[in-house]
Number of protein chains: 2
Amino acid sequence: MNNPQQRLDDILKKLRQREFRITPQRIAILQAFVSTDIHPSVEYVYNQVKITFPTTSLATVYKTVTLLKEIGEILEIGFPDGRNRYDGNKPYPHPHLICTRCHRIIDPDVSLLDRLTSEVAQATGYQITSHQVELFGVCPVCQKK
Amino acid sequence: MNNPQQRLDDILKKLRQREFRITPQRIAILQAFVSTDIHPSVEYVYNQVKITFPTTSLATVYKTVTLLKEIGEILEIGFPDGRNRYDGNKPYPHPHLICTRCHRIIDPDVSLLDRLTSEVAQATGYQITSHQVELFGVCPVCQKK
DNA sequence: TGCTTATGGATAATCATTCTCTTTTAATAT
DNA sequence: ATATTAAAAGAGAATGATTATCCATAAGCA
């Protein structure tokens with residue numbers, strides 16, 4: 001969420017380049033994704049979009065999410081319980097730190113990650129192309145309660 | 001899958017200690033979990049159990065999975081598409097290396113993981129209690145094809 | 001052997017997500 | 001500006017994994 005407007009324009013440009021249509025609903029969905037750091041769920045985006053477009057269908061949100069995943073502009077964060085969350089600002093794989101109490105998600109700096117993946121690549125012979133690194137714990141705020 | 005029989009006995013002992021009943025179905029489910037390294041899905045276990053107990057219900061497998069998760073004897077590995085997999089041999093969090101071609105899952109040694117988590121804990125103030133580290137890539141066998 | 005109660009089995013319910021089908025509309029040409 | 005047309009929106013049904021319900025069964029123990 002460094003510069004939401006710039007990010008929005010970048011994604012719109014990419015959509016145009018690939019000849020996808022720019023609809024008001026898509027703009028609203030994109031705006032919801034790029035204007036927050038909470039790693040929103042589909043439900044959150046749906047509720048945001050309905051503020052300006054009350055007739056929006058949940059299916060439209062899902063279809064746009066699929067599209068954005070395909071063009072590589074949002075990152076899907078899988079949860080075991082099914083409730084996926086998304087990152088529209090850093091659409092490339094990166095570690096997440098998730099509070100198990102309040103479900104807040106932040107993006108920590110992890111300087112050791114590159115060394116970790118190359119360690120594994122060397123030891124196993126795998127060509128590592130991607131990762132999903134989720135750390136779970138209790139955030140400072142919840143620790144005080 | 002170091003010693004399936006020993007592992008089975010250990011889990012049975014734990015169930016007895018906590019006054020859960022030892023049923024033939026539970027033994028069969030446990031056996032399916034501890035006798036493979038493929039990180040099985042519920043469906044896989046269900047099919048294995050049905051070989052010896054054809055009337056077994058899928059609900060029974062799910063109920064046992066929930067129980068085993070609660071007593072800490074299997075580890076759930078979440079996938080974004082919902083199809084969870086389980087590890088009955090190393091029920092504590094550990095990294096997985098997943099081949100995106102053949103879907104094989106192996107458990108690599110990752111010596112840097114402890115340092116990585118403590119680095120993040122120190123930088124963020126979170127109490128890190130668990131993790132889910134999945135590395136994706138192409139295994140040596142699939143690279144040759 | 002019988003009693004008690006947890007567990008098993010069958011099936012319905014749930015919930016996120018996907019699909020289907022019809023209507024609307026963005027983008028382009030006229 | 002208007003017409004054209006194919007993509008996208010909207011509504012609701014369908015799907016698939018998981019969970020809940022409820023009755024029958026059997027594990028564990030006296």
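Everything numeric in this text was worked out from a predicted model, so none of it was measured. The chains referred to below are lettered A, B, ... by the order of the sequence lines, with proteins before strands, and numbering in each begins at 1.
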Roughly, in whole Å, what's the span from [atom1] in [X] to [atom2] in [N]?
X        : N       : atom1 : atom2 : result
Ile77(A) : dT17(C) : CD1   : P     : 13 Å
Ile29(B) : dT7(C)  : CD1   : P     : 12 Å
Leu15(B) : dG28(D) : CG    : C1'   : 14 Å
Glu70(A) : dA8(D)  : CD    : C1'   : 14 Å
Lys63(A) : dA7(D)  : NZ    : P     : 13 Å
Leu58(B) : dA20(D) : CG    : P     : 14 Å

Who pairs with Lys69(B) by salt bridge (charged side-chain N to carboxylate O under 4.0 Å, His left out), at least two apart in sequence or on another chain?
Glu76(B)
For [N], take OP1 and OP2 only and decide whether either is under 4.0 Å from a side-chain N or O of [X].
X        : N       : answer
Thr60(B) : dG9(C)  : yes
Ser57(A) : dA11(D) : no
Tyr62(A) : dT18(C) : no
Asn84(A) : dA16(C) : no

Side chains of Ile74(B) and Asp87(B): closer than 4.5 Å at any heavy-atom pair?
no
Would you say the side chain of Glu73(A) lies within less than 4.5 Å of the side chain of Leu30(A), judging by non-hydrogen atoms?
no
Mind running a 4.0 Å heavy-atom check of residues 31-51 of chain B against DNA chain D and sending the residues that fall below it, in number order?
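Within this stretch, nothing sits under 4.0 Å of the strand.
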Can you tell which of Ile71(A), Thr64(A), Leu12(A) makes a side-chain contact (heavy atoms from CB on, under 4.5 Å) with Phe20(A)?
Ile71(A)
Does a side chain donor of either Glu119(B) or Ser111(A) reach within less than 3.5 Å of an acceptor in the other side chain?
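A donor-acceptor contact under 3.5 Å links the two side chains.
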By nearest nucleotide on DNA chain D, pick out whichever of Leu67(A) and Lys69(B) is the more 5' one.
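Nearest-nucleotide comparison on DNA chain D picks Leu67(A).
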Which of parallel (below 30°), tilted (30 to 60°) and perpendicular (above 60°) describes Tyr86(A) and Phe33(A)?
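Tyr86(A) and Phe33(A): perpendicular rings.
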Can you classify the ring geometry of His39(B) versus His96(B) as parallel (below 30°), tilted (30 to 60°) or perpendicular (above 60°)?
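Ring orientation, 0 to 90° scale: perpendicular.
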Could you go over nucleotides 26-30 of chain C and give all protein N or O partners under 3.5 Å, atom names and distances?
unit_1, atom_1, unit_2, atom_2, d
dA26(C), O3', Ile22(A), O, 3.3
dA26(C), N3, Arg21(A), NH1, 3.2
dA27(C), OP1, Ile22(A), N, 2.9

Crowding at CD, Gln17(B) (>12 non-hydrogen neighbours, <6.0 Å):
yes
Are the charged groups of Arg83(A) and Glu43(A) less than 4.0 angstrom apart, N to O?
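No salt bridge links Arg83(A) with Glu43(A).
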